[in-house]
Amino acid sequence: MSFTSVNPATGLSFAVYSAHTHADAQMRIDSASHAQRRWAALPIEERIGYMLELAGKLEAHVEPAARLITKEMGKPLAQSRAEILKCASVCRYMAQIAPDVLADESVQADFTSSTIRYEPLGIVFSIMPWNFPLWQFFRFAVPALLAGNAVLVKHAPSTMGCGMMAVRLCHLAGIDEHLVADLRISIEDVERVIADDQIRAVTFTGSTLGGSAVAALAGKYLKKSVMELGGSDPYIVCDDADIDAAVEICVAARMVNSGQSCIAAKRYIVHDTIADEFIKRTAECFDHLVVADPMHHASQLGPLARYDLKEQLIKQVERACAAGARVATSRKINDTHDDGFYVNPTLLVDVSPSNPVAQEELFGPVAIAHTFHDIDQAIALANATSFGLGAAVCSRNVENAQRIAARLECGTVFINEFVRSDARLPFGGVKQSGYGRELGRWGMLEFVNVKNVTIG
């Protein structure tokens with residue numbers, strides 16, 4: 001068995017990676033267990049030193065790492081460079097807060113003393129996606145390592161080279177090669193790994209369907225788990241919004257990563273008094289975006305990461321239109337002349353609640369525009385989905401926007417800004433968008449044993 005990397009800009013394969021056998025995978029699990037015990041025994045200051053060295057290695061390898069990301073999954077090169085630098089920033093921030101977050105806490109109780117300790121769990125097994133192939137890995141791995149855990153990663157089959165590169169950068173920083181290792185295994189072998197007694201936790205980033213399967217396995221074998229799954233983020237544009245800013249925010253939020261982001265703006269919910277103007281301007285912006293070779297500096301949108309993803313998105317738009325939706329943009333979604341997996345940005349309007357896409361995640365540069373008359377209707381539309389990852393509110397009245405935010409069923413709300421992850425803030429969702437949190441002190445505490453030591 002092997003894994004093949006295909007350049008989505010050309011449709012041509014360029015690398016093949018051999019899979020690990022069951023014996024290979026077991027050896028890596030066993031070695032990680034030994035390495036983790038040595039790592040956990042190090043003073044926190046030494047683990048911090050490794051993370052700071054890792055930040056430097058990431059910055060020193062920005063160009064080759066970014067080019068591999070773009071070649072394997074197709075995002076514009078400038079965005080790939082930004083992804084690497086963001087990984088370096090999470091190393092530095094987590095290193096900064098680790099001593100305080102992981103420090104023992106004293107609690108007043110009816111005993112001589114009660115101390116809360118934050119101790120590592122052991123090996124964390126991660127199943128990572130293709131859309132942010134380095135960021136998704138490092139944002140969980142860095143706090144997990146600082147807390148004293150080992151990390152094993154099964155990367156997405158289409159970005160296996162990126163997964164191997166992430167691991168290699170850790171080793172270049174001096175981190176034990178057994179402490180952080182990749183598992184090049186098939187989906188069918190995932191249960192075998194999760195079942196191993198040496199695996200103490202599982203983290204998954206990807207589709208809701210995949211997350212449900214992995215969460216079921218984690219539950220079956222009683223392993224702590226964190227699930228970061230899909231989203232259908234609503235952006236509520238109130239009647240008092242700065243329409244120029246709202247359009248800019250909404251377009252940027254939909255098109256980041258060529259639209260392939262779980263926290264992209266997928267549904268615009270716009271007050272009916274400004275809806276016509278908002279839709280007109282947004283459609284014009286969509287139509288003027290440059291869809292081109294992601295290695296070219298002028299490219300604003302690259303291809304979708306895989307051919308099947310392109311086909312699925314086109315079919316979703318076709319089904320939406322068959323059910324009564326209308327395309328407000330002028331370019332046809334599939335009217336591209338390149339050899340790769342390109343699609344054009346598309347804005348759908350007149351989407352009824354019964355339309356199939358009203359409850360689906362559109363993973364690509366396609367957005368839906370709804371209208372509302374009163375805020376209760378807007379909030380009902382925003383919450384009328386099985387997802388609950390992020391949301392945004394555009395309004396000049398910040399206090400009112402905060403009241404709206406309090407009623408939205410999601411893990412993150414941004415006001416007058418588009419939703420993004422930040423090393424300092426908790427990231428995660430509710431409902432079918434998953435559970436648990438990454439980033440900030442909350443992410444660092446996901447993979448620790450919170451131990452109570454009390455003296456009577």
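Every value quoted in this text rests on a predicted model; they were computed, and no experiment measured them. Numbers here are sequence positions counted from 1.
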Colleague: Ring centres under 6.0 Å, that's the criterion: do Trp135 and Phe140 meet it?
Modeller: no
Colleague: Please test Glu83 against Lys75 for salt bridge (Lys or Arg N to Asp or Glu O under 4.0 Å), starting from the C-alpha separation and ending with a verdict.
Modeller: CA-CA 10 Å; Glu83 180 174 338; Lys75 76 176 67 183; 2.5 Å; yes
Colleague: Would you say the side chain of Asp104 lies within less than 4.5 Å of the side chain of Ile116, judging by non-hydrogen atoms?
Modeller: no
Colleague: Judged by atom type as modelled, is there a donor-acceptor pair below 3.5 Å linking the side chain of Tyr268 to the main-chain atoms of Cys250?
Modeller: yes
Colleague: If every non-hydrogen atom of Gln136 is compared with every non-hydrogen atom of Pro129, which pair is closest and at what distance?
Modeller: CG-CG, 3.7 Å
Colleague: Under a 4.5 Å cut-off applied to non-hydrogen side-chain atoms, are Phe286 and Arg254 in contact?
Modeller: yes
Colleague: State, yes or no, whether a side-chain contact exists between Lys266 and Asp233 at a heavy-atom distance under 4.5 Å.
Modeller: no
Colleague: Would you say the side chain of Ile84 lies within less than 4.5 Å of the side chain of Ile69, judging by non-hydrogen atoms?
Modeller: yes
Colleague: So, the side chain of Arg184 versus the backbone of Met160: is there a donor-acceptor pair under 3.5 Å, distance only?
Modeller: no
Colleague: Among side-chain atoms of His155 and Asp182, is any donor-acceptor pair under 3.5 angstrom?
Modeller: no
Colleague: Once you round to the nearest 0.5 Å, how far does CG of Leu134 lie from CG of Leu58?
Modeller: 7.0 Å
Colleague: Does a side-chain N-to-carboxylate-O contact under 4.0 Å join Asp30 and Arg28?
Modeller: no
Colleague: Give a yes or no on whether the backbone of Leu183 and the side-chain of His20 come within a donor-acceptor separation of less than 3.5 Å.
Modeller: no
Colleague: Side-chain contact test, heavy atoms from C-beta onward, threshold under 4.5 Å: evaluate it for Arg267 versus Thr385 and give yes or no.
Modeller: yes
Colleague: Do Ser80 and Thr70 pair up side chain to side chain, a donor and an acceptor below 3.5 Å, judged on atom types alone?
Modeller: yes
Colleague: Is it true that a side-chain atom of Gln198 and a backbone atom of Ser33 form a donor plus acceptor pair closer than 3.5 Å?
Modeller: no
Colleague: Can you confirm whether Pro345 sits close enough to Leu301 that some side-chain heavy atom of one is under 4.5 Å from a side-chain heavy atom of the other?
Modeller: yes
Colleague: Any side-chain to backbone donor/acceptor pair from Lys224 onto Phe447? Under 3.5 Å, distance only.
Modeller: no
Colleague: Rounded at 0.5 Å granularity, tell me how far CZ in Phe14 sits from NZ in Lys71.
Modeller: 5.0 Å
Colleague: So, the side chain of Gln300 versus the backbone of Val290: is there a donor-acceptor pair under 3.5 Å, distance only?
Modeller: yes
Colleague: Please determine, by modelled atom types, if Glu228 and Tyr435 share a side-chain donor-acceptor pair under 3.5 angstrom.
Modeller: no
Colleague: For Trp130 and Met73, work out which heavy atoms get closest and say how close.
Modeller: O-CG, 3.5 Å
Colleague: Say whether, by atom type as modelled, one donor and one acceptor occur between the side chain of Glu177 and the main chain of His171 under 3.5 angstrom.
Modeller: no
Colleague: May I ask you to say whether Lys431 pairs ionically with Glu409, meaning some side-chain N is under 4.0 Å from a carboxylate O?
Modeller: yes
Colleague: Under 3.5 Å, is there a donor-acceptor pair between the Glu72 and Asn7 side chains?
Modeller: no
Colleague: State the OH-CG distance between Tyr50 and Leu145, to the nearest 0.5 angstrom.
Modeller: 12.0 Å
Colleague: Using the rule given for salt bridge (Lys or Arg N to Asp or Glu O under 4.0 Å), can you reason through Glu311 versus Lys315, listing the C-alpha separation, both sets of side-chain angles and the distance that settles it, and then say yes or no?
Modeller: CA-CA 6 Å; Glu311 290 295 289; Lys315 288 178 181 177; 5.2 Å; no
Colleague: Quick one: is the NZ or CZ of Arg420 closer than 6.0 Å to the six-membered ring centre of Phe418, and within 45° of its axis?
Modeller: yes
Colleague: Ser386 side chain to Gln432 main-chain N or O, any donor-acceptor pair under 3.5 Å?
Modeller: no
Colleague: For the pair Arg331 and Val291, evaluate side chain to side chain contact (heavy atoms under 4.5 Å, CB included) and give the outcome as yes or no after the intermediate values.
Modeller: CA-CA 11 Å; Arg331 290 184 290 187; Val291 182; 4.3 Å; yes
Colleague: Please check: side-chain N/O of Ser433 versus main-chain N/O of Leu229, any donor-acceptor pairing under 3.5 Å?
Modeller: no
Colleague: Tell me, do Glu59 and Leu85 make a side-chain contact under 4.5 Å, heavy atoms counted?
Modeller: yes
Colleague: Look up atom OG in Ser258 and atom CG in Asn131, then write down how far apart they are to the nearest 0.5 Å.
Modeller: 11.0 Å
Colleague: Can a donor-acceptor pair be found, under 3.5 Å and without considering hydrogens, that links the side chain of Asn149 to the backbone of Val124?
Modeller: no
Colleague: With rounding to the nearest 0.5 angstrom, report the CD1 to CG distance, Ile263 to Leu389.
Modeller: 6.5 Å
